[in-house]
Amino acid sequence: MGKTTGFMEYKRVEQPERQLGKRVKDWKEFKKNITRPEIQKQGARCMECGIPYCHPGIELNNGVSGCPLNNLIPEWNDLIYRRRNREALERLLVTNNFPEFTGRVCPAPCEGSCTVGLNKSPVAIKAIEKYIIEQSFQNRWITPRPPAARTNKHAAVIGSGPAGLAAADCLNRAGHRVTVFEKEDRPGGLLMYGIPNMKLDKQKVLNRRINIMKKEGIIFKTGIYVGRDMKVTELQNKFEAILLCGGAEKPRDLNIPGRNLDQIFFAVDYLKASTKAILGERKQNSQINAAGKNVLIIGGGDTGTDCVASAIRQDCKSITQFEILPEPPQERQKDNPWPEWPRILNKDYGHREAEAVFGSDPRNFNIKTVKFTGDDTGSVNQVHTVQVKWEENGKGNYEPREIKGSEKKWKIDMVIIAVGFLGPNDLLIKRLNLKQSSDSSVWTDKSFRTNQEAVFAAGDMRRGQSLVVHAIDEGRKMSYEVDKFLKKKF
Amino acid sequence: MDRKSNGLYDPKYEHDACGMGFVANKKGHKSRKIIDQALEVLVNMSHRGATGSEEETGDGAGILLQIPHNFFKKEMKKKNVILPLAGEYGVGMLFLPRKRSVRKKIFSLIKKKIKAEGLSLLGWRRVKQNRDLIGQQASDCCPEMFQVFVSRPENLSDKKYEIKLFVLTRLLEQAVFDLEFKESFYIASFSHKTVVYKGMLKPGQLEDFYPDLQDSSMTSSLALIHSRFSTNTFPSWERAHPNRYLIHNGEINTLQGNINWMRARESLLESELLGEDIKKLMPIIRPGGSDSAMMDNCLQFLHLAGYSLPRAIMMMIPEPWVNNKFMDQKKKDFYNFHSCIMEPWDGPAAVAFTDGVKIGAVLDRNGLRPARYYVTSDDLVVMASEVGVLNLESSSIISKQRLEPGKMLFVDTRQGRIIKDEELKQRIAQQQPYGKWLQKNLIHINELSEKKNQCVQDSKDNKNNRDKDNRANSNLDHKKSNCVKNTSQKEINNLLKKQKMYGYTFEELRKILAPMAQKGIDPTGSMGYDASLAVLSEKPQLLYNYFHQLFAQVTNPPIDSIREKIITSTMSNLGSEGNLLNPKPEDCRRIRIESPILTNKELIDIKNLNSRGLKSAVFSIAACEKKLKNDPQEVLNELFLQVDRKVKKGVNLLILSDRKMKDKQWPLPSLLAAAGLHHHLIKNGNRTRVSIVLESGEPRTVHHFSVLLGYGLDAINPYLGYKSIQDIWERDMLEGLDIKTAVNKYRKAAVKGIVKVMAKMGISTVQSYRGAQIFEAVGLENKLINKYFPGTVSKIEGMGLKDIMRETLDRYQKSSRKSMSGTYILKSGSSFNWRKGGEKHLFNPETIYLLQQACRNNDYNKYKKFAEKIDNHYSRRISLRGQLEFKGKNEEVPLREVEAVENICSRFKTGAMSYGSISQEAHEALAIAMNRIGGKSNTGEGGEDENRYTRDKNGDLRCSAIKQVASGRFGVDSLYLKNAQELQIKMAQGAKPGEGGQLPGKKVYPWIAEVRGTTPGVGLISPPPHHDIYSIEDLAELIYDLKNANSGARINVKLVSKSGVGTIAAGVAKGKADVILISGYDGGTGASPRTSIRHAGLPWELGVAETHQTLVKNNLRSRVRIETDGKLLTGKDLAVAALLGAEEYGFSTAPLITLGCVMMRVCSKDTCPVGVATQNPELRKEFKGKPEYVVNFMKFAAQNLREKMAELGFRTVDEMIGRVDRLQQKKQKEYWKLSNLDLSPLLFQPALENQSMRYCTEKQKHELADTMDNKKLVELARPALEQEKKVQYEFNINNKDRATGTILGGKITEKYGARGLPEDTIEFHFYGSAGQSFGAFIPGGLTMKLTGDTNDYLGKGLSGGKIIVKPPENISFIPEKNIITGNVAFLGATSGQAFIRGKAGERFCVRNSGLQAVVEGAGDHACEYMTGGRVIVLGETGINFAAGMTGGIAYVADVNNDFHDKCNRDMISLEAVTLKDEIKFIKNMINRHIEYTDSSYARNILKLWKEKKLDFIKVLPDDYRRMLKTIEKFKNDGLTNQQAMMAAFKENNQLEIRGTGN
């Protein structure tokens, strides 16, 4: 309800950001918090719909519409309007273990399907979410609360990304003994190394949560790649349930001539190195650094943008970004009606930063990378492209056609490939002899059970590359099944 | 034909209403003339009765007279029987089987019984019948009739002899009942004073059928007569009135409760007069009778047990005394005392009664039936539903009066006079010192803690325990005073745990409880109910949810508990009743509670009671899980046993409690425990010795409370509801309230809500609502019903006791689980607002998306996807149709052979959505779309702009084909009615049947006000009832009126589905409706109380099936079309509707969705973001809908239906109608709740009689050719019509001439539009008593002058015409003291003038919006809901003047200096008339009044004008005054009228307008 006429009276306000010029000089979070009076107005804009389209998280026309976590958005929007932060937190935590993550990194499909968005700017749902959780941290409402009783059932969570963390959190609260295994040196998975610090602060946000979880009794074992550093049988002996949340880490490659030249990296590797560097491990992989280089990022998704912003902070000489798809329209098209996920042009933080630093949007659309060529040292120094046109192939699908005469060469010193992921790593799948789906994801039944007894899987590893909210959702749902399983089993 | 119930039809729903009256010589002179006059009265009210499918078969007519001794003497002499002297023998009038052998058996049985009672049989007489004259149906089942004559023992007083005969009657009934042929045995009367002749006859047939009645030796000094209009047409000779003591026009709404309570009292009854015989008289109320017969049973019993007739009537139908400022204290004490020993029989009623010597009549407390009487100079008293029914010399009439609400007309022929109400009641009220008795014994609940010290003697142990209790309980009260907010987390957790246990949700707390506490009203919602029926839901349901509220429609009116709260009462008494037949002072040793919802403190006080006559005990309704699961019946039995034991020990305040439970215990559903105990105690005769109070955490909303009270609970303490309010308050969610106010408001809202639930059934007192069981169950097994809720209807069987417990325990178990975050978290709840994983809704993100995309892009495949989702996925857990599937697939026909989409679309309609509730853009888009496809759109209640009656340039027509006539009558004038293809009378609305509505001032934008004929910014009220429809014969009258106003339009009557709607529909069909719409409970709404949206009414599937079955059985099906609506979405929905019997289909929500609605459910807030349900110009800009979208939807639905038809092998829709044999119930074994669901009554196929049809094939005979208009008026007015020439004529008129002038008025409008002809172009002068609706809807230029008097509905909907009514010159009564026009004159008048010399009945000028009228006196509720116009009342008024009046001005001469009290000042202010213009206006109007009516009274006023003008008080509605002032201000600032209105409207919206809480 908020205020019934709020949506007519108040305008949407975005989360304030730090000054473009200043923020690119450091790696601190670029967003600031909205003030209390302002956030109340933003809450008042919610119409508390009879059907809250922000909330369902359904698939419409190949896109997600509404919150995949089914966040009870209208409920906490209203509570924020009424300044009932504590109750808002209660309702927020009903569906979301880590609002501080989603409040920062989620692309907010909720806002895409917000009813106010039908003919005005949607409610600033994401900002409100972040406000609620950050206020709660500030007020020390979020404190370690170990479960009152323990079941003494043991569960192993493999992978500490959003799915793994959510699963671990839920199972721990249900009283089970949870150990999380992480192959990297720090827990957090993609949250740690897949998302740059200016979007999600590792120390202030991620570790704040992990520390709470530790205090609540969850054991984190980092640097252990299960299947390599630890035998699967050992795991199976020690734990009554194994939860696989290893993500879909295998990056999609660009198999074009010159791919094996130096200075061509996958985005995951680049971002990991970058984060490690700022966390004080400059030595490792130090050659993956954009400083002073003409950098090209292939791929126009969120990861690509993160690479853009990171490269800028590493003082690159220039920045270019390719997207094979056409430039999205400014407004919704007829074939993309509300409440579908809006396929419209969105100038993200990295693009704005590039504009500020280099004077132009780095993005190039309808462009296909044809080959890389290198210099004497074996490093890439030129990228060859051609413009494409998307045409219907007669079967209802659109295909890119190269436009003759549009070939172009780009002088580039470093290429970052950010064109998505293929699926989970093979190692564990082989060791556990897991059944896979056609897209190489781990197969499970509706209860998240794999073909192996007591082995469950969730997150990207199960459903393929996706959003953090989906991962959290998967982790939660799986843990519900695991809880049932553990309670029943003994 | 059979009378048994099968399928959905049940004879128990039969209702009747009628014309009734009596004729008496007050001196007791017997004559043949009295009988002749009575028969004349009867015949002249023929139009108030009805005929069935056969024209010659009437619904019933009869007469009760004194024993015609001379006649019987003569007749019996022929048989050689010499009768004793008059009064020395008794006569029984018996209806007997036609089979001689059976009769013989009965004869011998009767002989035996007569002898056994110490009487002797004097002789038999076969009553002659003339069967040739009556209809086939009636003749076929006509019983043989015999009169039996028995002796009178010596030394037996009149009274004792009457008792003897009563006992004999009862014994005979019982004895024959035990034989097999009970059906055809009936005793019409058995008395030594009176005899009844009656039967299944038309009024005109009575005399011919019984040659006895023609005999000149027949004499009587009094006679009751009655003509019946019944909703059923099943042949019944016995159901005709009179019964043995009374005749009744009305309906007893609280019948089931009255029966139960009388039954419960039986064990306590003792009577010196009746002695041992009393046992033979049980049960007092014979099962199976009509409500009138049952009332007759009760009256006969009370009377013969020693009460005088008027006293018995005062006990059964008390006046509204609680809120009556004018009532004498003694009388008040009488009623107050008797409220402790008996509950009222509540419902609209005109009752006339006689014991053969005294004769009288009385109206219900609200005066919902008409009754007028004349007294003549030759001692004749004639009382009847109408005037003009007896041709009397006008000079002989010395008084013309109406029976006033609650007042009694009483003639004692022995004393030879009329005993005035006041005298009669005073005498009765003074028989005992009731006031003293009350003072001594009756304790008000507030006095309990004070009196505690004096009368409560507690043992110490008990006291200690209780004190602890008290501390815990009074915690809340303590906090109230301190206003401290410091609840600990532990307490919060405990609260949450309990809330979860009882199924509280976040939605419920915030959307229902919080608003109750904040605003003190039951909150409203929008867009209807699209979630699961309780029995289909996958979410655990509270038991309350299986019970649907019943409501009044057609056969009786709902009442307006807000504007007419003067007649409502929420008080009741706790403690033991005594012997009804011998009231003693101790019988009022009771605790008086003002509200059935007890505060914590009140409950503690009751718990502490332990004194003489008032002793309480607490009974836990909790038990351990295992027991509840395995043997819940045993748990209940143990509870009953415990109670019985304590009752034996003198405990009379039973407190059922679940407040404290032991470990591992769970409570029974409180409704189960309470209703079960109530019925257990009725059965063992203890119920009236005790009161049952519930202390439970479970009930918290209006519906919960209503069901509990409806099933017999005396009072409820919803402690968890209070606690929850406290919690909400502590969380600062209630603005500006202290906790005490918050809790009080919550309680107030609850009580207000309960009163509203009662009111929608037409019940006005909690006392009689209690136990009245105004509910029906859906999906509960009959075994469960019969055991714990006997008397409740449950057509669809389903869950049993164990299933209920399983569901309840499931909820309990889940409630103890904490959430993953380690705390207790309330579920979101999703009964109204959709949530993922919550209740299933038909409308959800997926279906709305598909439907919108399909219709916008004209994409049938997408629509099919949508339909597939609805049919196969959602419906199966939401609706009854989802449980049905087609059967017999092998007769498929090719799609091309199925009738075309265009054809099918002509059966489609859009629902009644008013311009006002939706925007102009949306309203017109619907109209254009429906006109394009040959369907019909509906104006809804808000009128229609004249400019929509002509086509647009592109050929589109924005005129709605259906014009609705709803209770508010906004914009209903002659022109509006003329521009319709169909006129729909809205009797009820699916989302809030039995309720009115309100358009708050904030939404009455200038353009809305213009169309509705009202003032911008001033709120508008639609009353719950149509004030011209209180009964079925009234509805028939309105149908007739509308048909007169536009003979080309079909008349459609909109009903809402409920059990018994079939019988109502039969009545409506007999009332000559052309179409009957059966709406589902799930229909949409702009704003309705959430309680009603979900809990009132039934799914249309049940209503359509029952209606179809009943009409087929009655041979009425071929006369009417059946229409249905209620979330119709897909071809399958339509096919199911057709197969169940519906021919036409209405859509509302779906078309709105195609136009952009996204189910915000904020229609009532004027914030619809898509411009559909808003008037806000900014938001209306966002409207993106197009008529094409609606057209696409309609075509898709038709196409989808065609595909189903092809599959089923039907080529036309007509072939499908009623073919339930092509439906079967889906097997849904996968879900346990559905495993016992039995839809077979829905699928019952009644046998078709010869020539009867399954669908409508013929037209109703409206008999317009017989009207005075068509026979004379139109022809004579031709010069005026054609050339605007003046015409003047004179006519005689009588009460059978109804709606006179209306057809002529229609012709004027047709030609001259809204403005009509110049004033007085046509002047017609009538002489006599005009029938109902004289001058209805007449436009300007037509002046109708009447010398005589008129019946009800004078000048209904007056649209500019002029009406003058005055008495003849040679009269012997004083006009201003006598009634000249009936009730509800000028209802909904929009313009015109009226001058009435004399007094008007009740409800003068209700909903007037433009008429200027002068009248010399008015009854109760005058100017109610008025929104415009000027009314001048020169004499006294009744009470409740100006209730709900929001516009217009009344000037009342306060001749008795009591107007301030008689006026309902909730919305108006009274001021002196000081403005010169106003004084001039009044004087001018009075001058014209004199000119037109020659009123000596008015002349006298003008003569003394200086002095008399000071009498006038101006009645001015507050909002109206403010708006007028503001508009004036802006006009003075130089704005145009239009601009000023908009500016004033805007300014007005800045103000916080007082919510009247409709």
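Because only heavy atoms are used, hydrogens play no part in the values below, and waters and symmetry mates are left out as well, while side chains stay in. The chains referred to below are lettered A, B, ... by the order of the sequence lines, with proteins before strands, and numbering in each begins at 1.
For residues 61-71 of chain A, a heavy-atom distance under 4.5 Å to chain B picks out Asn61(A), Asn70(A), given by residue number. Interface with chain A: from residues 1171-1182 of chain B, residues Asn1176(B), Leu1179(B), Glu1182(B) qualify, criterion being any non-hydrogen pair under 4.5 Å. Residues of residues 113-120 of chain A lying within less than 4.5 angstrom of chain B, judged on heavy atoms, are Thr115(A), Leu118(A), Asn119(A), Lys120(A) in numerical order.
By the 4.0 Å N-to-carboxylate-O rule, Glu216(A) lies close enough to Arg173(A) to be salt-bridged with it. Salt-bridge annotation for Arg510(B) and Asp78(A): present, with a side-chain N of the basic residue lying under 4.0 Å from a carboxylate O of the acidic one. Remark: Glu392(A) does not engage Lys395(A) in a salt bridge, criterion side-chain N to carboxylate O under 4.0 Å. Taking the charged nitrogens against the carboxylate oxygens, Asp810(B) and Lys539(B) have no contact shorter than 4.0 Å, which rules out a salt bridge. A salt bridge between Lys1002(B) and Asp1166(B) is absent, with no side-chain N of the basic residue lying under 4.0 Å from a carboxylate O of the acidic one.
Residue contact with chain A, scored on non-hydrogen atoms closer than 4.5 Å, involves the side chain of Gln853(B) exclusively. The contact between Phe506(B) and chain A is made entirely by side chain atoms (from C-beta outward), counting heavy-atom distances below 4.5 Å. Pro147(A) does not touch chain B: none of its heavy atoms, backbone or side chain, sits under 4.5 Å away. In this structure, chain B has heavy atoms under 4.5 Å from both the backbone and the side chain of Ile51(A).
Surrounding CD of Glu331(A) are at most 12 heavy atoms belonging to other residues, nucleotides or ligands under 6.0 Å away.
Not a single ring-ring contact (aromatic ring centres under 6.0 Å, His included) links Trp341(A) to another residue, sequence neighbours left out.
Comparing Met8(A), Lys334(A), Glu90(A) by how many heavy-atom pairs each has under 4.5 Å with chain B, the most go to Met8(A). If you tally non-hydrogen atom pairs under 4.5 Å between each of Leu72(A), Leu79(A), Leu60(A) and chain B, the highest count goes to Leu60(A). Listed options Ile848(B), Leu850(B), Asn857(B) were ranked by heavy-atom pairs under 4.5 angstrom with chain A; first place goes to Ile848(B). Of the residues considered (Arg1161(B), Lys1184(B), Met1160(B), Glu735(B)), Met1160(B) shows the highest number of contacts with chain A, using heavy-atom pairs under 4.5 Å.
Met527(B) is not listed as a side-chain neighbour of Thr1085(B), based on a closest heavy-atom distance of 4.5 Å or more. Arg91(A) is listed as a side-chain neighbour of Ser828(B), based on a closest heavy-atom distance under 4.5 Å.
Aromatic ring centroids of Tyr53(A) and Trp338(A) lie under 6.0 Å apart.
Looking only at atom types and distance, the side chain of Asn97(A) has a donor-acceptor partner in the side chain of Arg476(A) under 3.5 Å away. Residues Arg83(A) and Gln40(A) have side chains that bring a donor and an acceptor to within less than 3.5 angstrom of each other. No side-chain donor from either of Ser121(A) and Lys11(A) sits under 3.5 Å from a side-chain acceptor of the other.
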Next on the checklist: Evaluate Glu491(B) against Lys723(B) for side-chain contact (heavy atoms from CB on, under 4.5 Å), listing each step before the verdict.
Outcome noted: CA-CA 11 Å; Glu491(B) 257 181 81; Lys723(B) 192 93 208 206; 3.7 Å; yes
Next on the checklist: I'd like to know whether Arg835(B) forms a salt bridge (charged side-chain N to carboxylate O under 4.0 Å, His left out) with Glu507(B), so could you lay out the CA-CA distance, the side-chain angles of the two residues, the decisive distance to 0.1 Å, and finally the verdict.
Outcome noted: CA-CA 10 Å; Arg835(B) 289 289 183 272; Glu507(B) 179 184 52; over 6 Å; no
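Nearest approach of Phe137(A) to Ile212(A), heavy atoms of both residues: CE2-CD1, 3.6 Å.
To the nearest 0.5 Å, atom NZ of residue Lys1186(B) and atom CG of residue Asn1192(B) are 11.0 Å apart.
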